[in-house]
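Notes for the one structure printed next.
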Amino acid sequence: MSGAAKPGLMPVEEALQRLLERADATPIAGRERVALADADGRVLAEPLVATLDLPPWDNSAMDGYALCLADWQGTPLVVSQRVQAGEAPGALQPGTCARIFTGAPVPAGADTVEMQENVAVEEDGRVRFTAPLRIGQNIRPQGQETRVGECVLPAGTRLGPIELGLAASLGQATLTVSKRARVAVLSTGDELVEPGQPLAAGQIYNSNRRLLIAWLKRLGCDVVDAGILADDMAQTRAALAALSDVDLILSTGGVSVGEADFLGVALREAGELTLWKLAIKPGKPLTFGQFRGVPVIGLPGNPASTLVTFGLLARPYLLRRMGVQRVAPLAVDLPAGFAWRKAGLRREYLRARLEDGRVVPYANQSSGVLRSAAWAEGLAEVREGTTLEEGDRLRFIPLSELLN
Ligand code: AMP
Ligand code: MG
């Protein structure tokens, strides 16, 4: 069974679409040329175009013998040369074969390689081919991976180990990448104390700061750690004003339209405040606005809400601003290992893991419980207005997809 979000609540897709539209309109300006060694996690700012064929020449896929099958009479062949990887062979002498090793260039005139396992070496050193041969076998043809001029990676690709290996195979020592987004992290709340400090009555340790800073770094952002902000109007104004040189102010807490919503007031005074009530659980309230032209995202303060709203909304927004085109996390449909009998008005993202191929949620889904996410392997999506029986399929977004 499925239905729509409660009127007045914004569906997750709509919030995401609005964020991405804004991101497309405000890309992080600037690009830089970085060494491959420094390019992991960066975003390619221009297409990577092949400047050579890959492989650059026909080469052997096996240790064996190269021959010209088109001319071969079926008789044993004299070995006229030996070609190892890294050598440049001469043309194959007609009526002979060449000893050849994996990755070595195929001599001009040879059209086939037979693996050494299918060859018998006679007493006089000639080789006899013991299995049927097919023209072109065991040869990796020039350009099979790419041809000169082909776009191998489009602009907007996030670079990781595979892309770096590919760029290296094409001889690229440097790549042009988008500038990192500079993101300020602010934790609001009078109750917050940093780890290492004693905890007085009524206080809690600040978990969001560490969570977001580590996460942002994984996303390739430069982080400005703006520390804890007290629930105070003057301090809020001053803190926001001091962050005029960042690409995004990311704050947590104080967005639940409570009395301590100083962020909202400050944005209304000197910028723009959009308060969204999202059809999402955890994480209903979200602020998206700007302060003197600097974009601001205010995430709900409960740690699991921070996690879900950052992962599903702020992450793709930030990646898109850095030019990433494919920002959606990979998700899979998996059978539920639980029943969901009461259709909700908000889309729930349960912190869940896989047990015997089925999605099992953590027992306590309170938005204050970050331990749920530490236990979990992913977010299991129960759509608004939906009930589930055990075995029904639901979308599962691995946390590993979101965390980098
Ligand atoms: P708020 O959105 O400010 O009303 O906060 C909602 C809940 O999240 C409250 O229980 C806060 O104490 C808690 N909270 C807010 N910010 C943080 C933080 N940085 N670390 C841990 N808990 C927080
Ligand atoms: Mg608060």
Side-chain angles (χ1 to χ4, degrees), residues 9-10 15 183-218 221 223-240 243 246 248-268 273-289 291 296-315 318 346 348-349 351 362 364-376 399 403:
L9 293 183
M10 187 188 289
V183 182
V185 174
L186 260 177
S187 312
T188 76
D190 282 340
E191 73 279 29
L192 300 178
V193 178
E194 286 306 328
Q197 303 297 313
L199 205 61
Q203 296 184 321
I204 59 168
Y205 287 119
N206 181 1
S207 45
N208 292 338
R209 176 183 176 206
R210 291 275 68 97
L211 181 144
L212 288 176
I213 289 176
W215 200 344
L216 286 162
K217 286 183 177 166
R218 284 192 179 194
C221 298
V223 180
V224 177
D225 180 358
I228 293 173
L229 178 60
D231 292 319
D232 174 88
M233 202 57 243
Q235 283 194 41
T236 302
R237 283 193 199 103
L240 293 176
L243 297 170
V246 300
L248 176 69
I249 297 172
L250 188 63
S251 87
T252 61
V255 290
S256 36
V257 218
E259 283 170 14
D261 182 18
F262 300 102
L263 180 72
V265 174
L267 297 190
R268 215 177 270 123
L273 170 70
T274 322
L275 252 182
W276 290 344
K277 286 204 170 52
L278 304 178
I280 191 172
K281 189 178 176 185
K284 181 161 86 175
L286 192 115
T287 297
F288 182 50
F291 184 84
V296 178
I297 292 181
L299 304 175
N302 274 307
S305 307
T306 298
L307 171 101
V308 167
T309 50
F310 183 85
L312 297 178
L313 297 167
R315 173 188 179 275
L318 265 173
R346 295 187 274 158
E348 298 223 13
Y349 288 95
R351 279 73 71 212
Y362 189 73
N364 187 338
Q365 294 287 329
S366 161
S367 58
V369 176
L370 190 55
R371 193 173 169 191
S372 60
W375 177 89
L399 280 173
L403 285 169

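Just follow the structure's listing: the first ligand is 1, and inside any ligand the first atom is 1.
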Quiz item: Out of G298, P300, G254, who gets a non-hydrogen atom closest to atom 2 (O) of ligand 1?
Solution: G254
Exercise. Select the closest option to atom 22 (N) of ligand 1 among I204, L263, V193, judged by heavy-atom distance.
Key: I204
Exercise. Compare every heavy atom of P285 with every heavy atom of P300, then report the nearest pair and how far apart it is.
Key: CD-O, 3.2 Å
Quiz item: For atom 21 (C) of ligand 1, which of A304, G202, S207 has the closest heavy atom?
Solution: S207
Quiz prompt | side chain to side chain contact (heavy atoms under 4.5 Å, CB included) partners for Q365, two or more places apart | solution = L350, R351, P361, Y362
Quiz item: Judged by non-hydrogen atoms, does R209 sit under 4.0 Å from ligand 1?
Solution: no
Quiz prompt | For the student: nearest non-hydrogen atoms of G298 and L263, plus distance | solution = CA-CD2, 4.1 Å
Quiz item: Taking D232 for the side chain and A234 for the main chain, is one N or O donor matched with an acceptor at less than 3.5 Å?
Solution: yes
Quiz prompt | R315: salt bridge (charged side-chain N to carboxylate O under 4.0 Å, His left out) partners, not counting sequence neighbours | solution = none
Practice problem: Using a strict 4.0 Å cut-off to heavy atoms of Y205, name the atoms of ligand 1 that fall inside it. | Solution: 20 (N), 21 (C)
Quiz item: So, is G301 polar-close to ligand 1, with some N/O to N/O distance under 3.5 Å?
Solution: yes
Practice problem: Could you pull out the closest heavy-atom pair between L240 and A266, with the gap in Å? | Solution: CD1-CB, 3.6 Å
Self-check item: Options N302, L211, N206, ranked by nearest heavy atom to atom 19 (N) of ligand 1, top entry
Solution: N206
Quiz item: N/O of S187 under 3.5 Å from N/O of ligand 1, yes or no?
Solution: no
